[in-house]
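Whatever order the structure lists ligands and atoms in, that order sets their numbers, starting from 1. Values reported hereafter were calculated over all heavy atoms of this structure, with side chains retained and with hydrogens, waters and symmetry mates removed.
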Amino acid sequence: MNRIVTLDEFIIRRQKDYPLASGELTGLLRDIGVAAKIVNREVNKAGLVNILGVAGAENATGDMVQKLDLYANEKLIECLRNSGECCGIASEEDEDFVPIPPVVGKPSKYVVVFDPLDGSSNIDVNVSVGTIFGIYRRVSDVDGPVQREDFFQKGTELVAAGYVLYGTSTLLVYSTGRGVNGFTLDPSIGEFCLSHQNIQIPSRGNYYSVNQGYYLKFDVEMRRYIDHCSDLNLRLRYIGSMVSDVHRMLFQGGIFLYPNTRKYPHGKLRLLYECNPLSFIVEQAGGRAMTCNLDRILDISPVDLHQRVTIAIGSPDMVDEMKEFVMRYKAVPI
Ligand code: AHM
Ligand code: MG
């Protein structure tokens with residue numbers, strides 16, 4: 001039997017690769033791992049909601065039953081608040097960023113952005129959802145309160161990013177900018193164990209992932225590219241949970257697209273806590289991520305916490321091919 005390497009052990013081992021590391025990032029990643037286990041426990045109970053009570057109603061014990069995405073948000077914030085290694089968070093569930101006071105007077109140099117439960121409309125039907133997170137080093141004075149500019153950093157400035165997929169098994173995938181590694185939760189010992197080392201995305205794959213129901217709402221160049229995928233007999237897979245769809249691409253190769261539509265003229269997905277962390281992971285694994293206007297996602301300067309962008313992400317050769325279609329068919333020159 002191979003020796004098991006737990007997430008905590010791996011993170012601590014990796015810290016030694018950075019001679020000047022102070023252990024703060026290590027602690028922060030570990031705390032996110034703990035939050036993921038707590039969220040996982042509740043996600044796994046989601047099917048019991050009819051027994052325990054529906055969200056927004058009282059359960060058998062008279063407690064209010066919370067929506068799972070709000071629960072996940074609360075648990076993540078709670079873990080980061082107690083961590084002492086995070087001075088502020090920005091979440092999909094909160095309008096503005098939330099400053100976190102120093103623990104025992106020690107100022108912290110990191111901010112965390114996250115989508116606590118992405119694809120949450122899937123929960124009611126027992127389909128995979130995920131948590132996405134990104135960690136930045138703050139740029140404002142470490143002794144003062146956290147500032148907006150600490151969150152408005154390009155994805156290229158990410159110190160670490162990752163996601164947790166609550167699927168048939170629960171998997172945590174993260175990168176600190178030196179490759180991508182995946183850890184599967186072993187429920188019998190309650191630990192994330194190293195299961196996928198140095199993940200590399202295939203240069204091409206047999207899958208494309210897009211909400212084809214919006215086909216007629218897409219610009220002509222996107223429609224031509226989607227036709228091309230269909231001509232190639234690629235398999236269409238769309239779960240409606242970005243984490244799950246991108247996860248498939250990461251392991252099996254392919255392309256995930258969320259272009260602009262009439263309803264979402266700038267795309268639907270959020271730059272800070274959905275597209276940037278996943279683009280960081282995919283690029284670290286050898287893939288590419290760009291907008292449908294061909295701007296590299298990680299190079300975009302954020303102007304709003306909840307900014308939306310279009311995205312094409314996945315296998316490098318396929319994203320490059322999409323780029324060629326955009327250049328060939330776009331009505332207005334880029
Ligand atoms: P959410 O954060 O509110 O769950 O929305 C994001 C999700 C993504 O996970 C998914 O790719 C997309 O919305 C699906 O949108 P659509 O139903 O328009 O295809
Ligand atoms: Mg989301």
Test of proximity, Tyr238 against ligand 1: N or O pairs below 3.5 Å: yes
Ignoring hydrogens and geometry, is there a side-chain-to-backbone donor-acceptor pair from His306 to Glu95 under 3.5 Å? yes
Mutual orientation of the aromatic rings belonging to Tyr225 and His228 [parallel < 30°, tilted 30-60°, perpendicular > 60°]: tilted
With a 3.5 Å cut-off and no angle check, do the side chains of Thr310 and Tyr264 form a donor-acceptor pair? no
Any heavy atom of Tyr264 sitting closer than 4.0 Å to ligand 1? no
For atom 12 (C) of ligand 1, which of Met242, Arg270, Lys268 has the closest heavy atom? Lys268
If we number the atoms of ligand 1 from 1 as shown, the ones under 4.0 Å from a heavy atom of Ser241 are 9 (O)
More than 12 heavy atoms of other groups within 6.0 Å of Lys263 NZ: no
Of all the atoms in ligand 1, which lie at a distance below 4.0 Å from a heavy atom belonging to Asp115? 2 (O)
Out of curiosity, Ile226 CD1 to Leu234 CG, how far, rounded to the nearest 0.5 Å? 11.5 Å
Is the contact between Val243 and ligand 1 made by the side chain, the backbone, both, or neither, using heavy atoms and a 4.0 Å cut-off? neither
Atoms (protein N, O or S; no water) under 2.8 Å from the Mg ion (ligand 2): 4
Flag, side chain of Arg30 to backbone of Asp8, donor-acceptor distance under 3.5 Å: no
Would you say Leu117 and ligand 1 have an N/O pair spaced under 3.5 Å apart? no
With a cutoff of 4.0 Å, is Leu269 in contact with ligand 1, counting heavy atoms of the residue only? yes
For Asp118, the ligand 1 atoms whose distance to one of its heavy atoms is below 4.0 Å: 1 (P), 2 (O), 4 (O), 6 (C), 7 (C), 8 (C), 9 (O)
